[in-house]
There are 2 protein chains.
Amino acid sequence: MPAVLEVLAEPHRRQILDALRQGEQPVGVLVDVLGASQPAVSKHLRVLREAGLVDVRPEGQRRLYRLRPEPLLELDAWLEPYRQMWRISLDKLEGHLTPGVPDA
Amino acid sequence: MPAVLEVLAEPHRRQILDALRQGEQPVGVLVDVLGASQPAVSKHLRVLREAGLVDVRPEGQRRLYRLRPEPLLELDAWLEPYRQMWRISLDKLEGHLTPGVPDA
DNA sequence: AGGAAATATGCCCTGAGCGTTATATGTGTG
DNA sequence: CACACATATAACGCTCAGGGCATATTTCCT
């Protein structure tokens, strides 16, 4: 389900998201930040956009990219069952003080 | 930094983690669950293990794999700055409706 | 209109990841 | 000890993602 994970697997793309936390950025700035070629960055932005992780807005001859929350919220949701597990595990540890509870 | 994301990009690996939420499982069971070949599963388990996402314990001729929380906690931590962003955004939205009410 | 700046796209090439088959390793059982 | 079961590893092939270069496209400026 989370195609987000496949998109986030790429370090450069994470760098882009990271940079966009500062707010909207034109492609040029991202190129500088990443130290990658402009076409490379544009391609990553395409992927990010198609995954819904970023949004574009034309401003003159530049295109301003900004973050979009939804996919990351989805990822957050994907993590939830695991969080519950750890929580239970931690509870068990604390419960160690109270005896007589073997684990399954 | 989160090599976790690269590991989680693989659907089969996510399936494995998913299956391990039920508790320790031997390789054979995972093979059945995934419907993949045994060597394929073993290789994925290797990757998961080297990423610290699972742990092994020999039990007779089987090897029982179980989840390990740390890498997912790391991922959770990676999400944190983004969560803050959305929280701020949401606060702004709410602030429009009911002004002057900060939440705990 | 012509030219420069900003960005996107197409094409090719390389490398890495995943799968499959065959085989090695290890571990119980008779 | 010989053999079956469970898992790991090796070797190979294939596909695809990511990078580079050249080029198309849009927009701004004069």
Side-chain angles (χ1 to χ4, degrees), chain A residues 1-20 22-68 71-72 75, chain B residues 1-20 22-68 71-72 75:
Chain A
M1 303 284 187
V4 199
L5 285 167
E6 279 141 45
V7 173
L8 294 179
E10 233 288 325
H12 281 158
R13 289 198 279 261
R14 290 195 296 262
Q15 275 188 260
I16 291 179
L17 296 186
D18 210 24
L20 290 182
Q22 313 288 97
E24 290 186 316
Q25 303 289 349
V27 180
V29 170
L30 298 173
V31 169
D32 291 348
V33 172
L34 295 215
S37 77
Q38 177 265 312
V41 172
S42 275
K43 213 172 181 186
H44 283 306
L45 286 170
R46 193 201 214 318
V47 174
L48 288 168
R49 184 160 31 94
E50 289 177 342
L53 277 158
V54 302
D55 203 3
V56 215
R57 175 173 72 97
E59 186 228 36
Q61 41 185 348
R62 336 226 152 165
R63 317 200 81 202
L64 297 179
Y65 284 81
R66 65 175 161 178
L67 281 180
R68 277 195 32 175
L72 290 181
L75 174 54
Chain B
M1 300 292 182
V4 200
L5 285 167
E6 279 142 47
V7 173
L8 294 178
E10 232 290 325
H12 281 159
R13 290 198 279 262
R14 290 195 297 264
Q15 275 189 261
I16 291 179
L17 295 186
D18 210 23
L20 291 182
Q22 313 288 98
E24 290 186 315
Q25 302 289 350
V27 180
V29 170
L30 298 172
V31 168
D32 291 349
V33 172
L34 295 216
S37 78
Q38 176 265 312
V41 172
S42 274
K43 208 170 183 184
H44 284 306
L45 285 170
R46 192 200 218 310
V47 175
L48 288 168
R49 184 158 33 91
E50 288 175 344
L53 277 159
V54 302
D55 203 1
V56 214
R57 174 173 72 97
E59 186 227 35
Q61 40 186 346
R62 336 227 152 161
R63 316 200 80 202
L64 296 180
Y65 284 81
R66 64 176 162 177
L67 281 180
R68 277 195 34 175
L72 289 181
L75 174 54

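No experiment lies behind these values; they were computed from the predicted model shown. Within every chain, numbering begins at 1; the chains are lettered A, B, ... in the order of the sequence lines, protein sequences first and strands thereafter.
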Applying a 4.0 Å non-hydrogen cut-off, can you work out what B/Pro58 is touching in the nucleic acid: base, sugar-phosphate, or nothing?
nothing

Round to the nearest Å and state the distance from A/Leu48 atom CG to C/dA8 atom P.
12 Å

Using 0.5 Å steps for rounding, measure from the CD atom of B/Glu6 to the CG atom of A/Leu5.
11.5 Å

Gap between atoms CD and P, on B/Glu59 and D/dA6 respectively (whole Å):
12 Å

Of the nucleotides C/dT7, C/dG19, D/dG18, which one has an atom closest to the side chain of B/Ala40?
C/dG19

Nearest-nucleotide 5' precedence on DNA chain D, A/Gly60 against B/Lys43
B/Lys43

Examine D/dG20: is either OP1 or OP2 under 4.0 Å from a nitrogen or oxygen in the side chain of A/Ser37? Give yes or no.
yes

Nearest to the side chain of A/His44, which nucleotide is it out of D/dA8, D/dT7, D/dG19?
D/dG19

Hey, which of these two, A/Ala36 or B/Gln38, hits DNA chain D nearer its 5' end, going by closest nucleotide?
B/Gln38

In whole angstrom, what separates A/Gln61's CD from D/dT30's P?
12 Å

Out of D/dT7, C/dT7, C/dA5, which has the shortest distance to the side chain of B/Arg62?
D/dT7

Look at the side chain of A/Ser42 and decide which nucleotide, out of C/dA8, D/dT7, D/dG18, has an atom nearest to it.
C/dA8

Please report the distance, rounded to the nearest Å, between CD1 in A/Ile16 and P in D/dG19.
10 Å

In whole angstrom, give the distance that lies between atom CZ of A/Arg63 and atom C1' of C/dA5.
15 Å

Quick note, A/Arg13 side chain, CB onward, closest among D/dG18, C/dA5, C/dT7 is D/dG18

Look at the side chain of B/Arg49 and the backbone N and O of B/Val54, then say whether any donor-acceptor pair between them is shorter than 3.5 Å.
no

Checking contacts here: which listed nucleotide (D/dT7, D/dC28, D/dA22) is nearest the side-chain heavy atoms of A/Pro39?
D/dA22

Length of the CD-P vector between B/Gln25 and D/dT7, whole Å:
11 Å

Distance test, side-chain N/O of B/Tyr65 to OP1/OP2 of D/dA6, below 4.0 Å:
no

Can a salt bridge be assigned to the pair B/Arg62 and B/Glu24 using a cut-off of 4.0 Å between side-chain N and carboxylate O?
no

Measure the CD-CG distance between A/Gln22 and A/Leu67 for me, rounded to the nearest 0.5 Å.
10.0 Å

What's the spacing between A/Arg14 CZ and A/His44 NE2 if we round to 0.5 Å?
11.0 Å

Atom CG of B/Leu64 to atom P of D/dA6: distance rounded to whole Å?
13 Å

Using whole Å, report how far CD of B/Glu24 lies from P of D/dT7.
13 Å

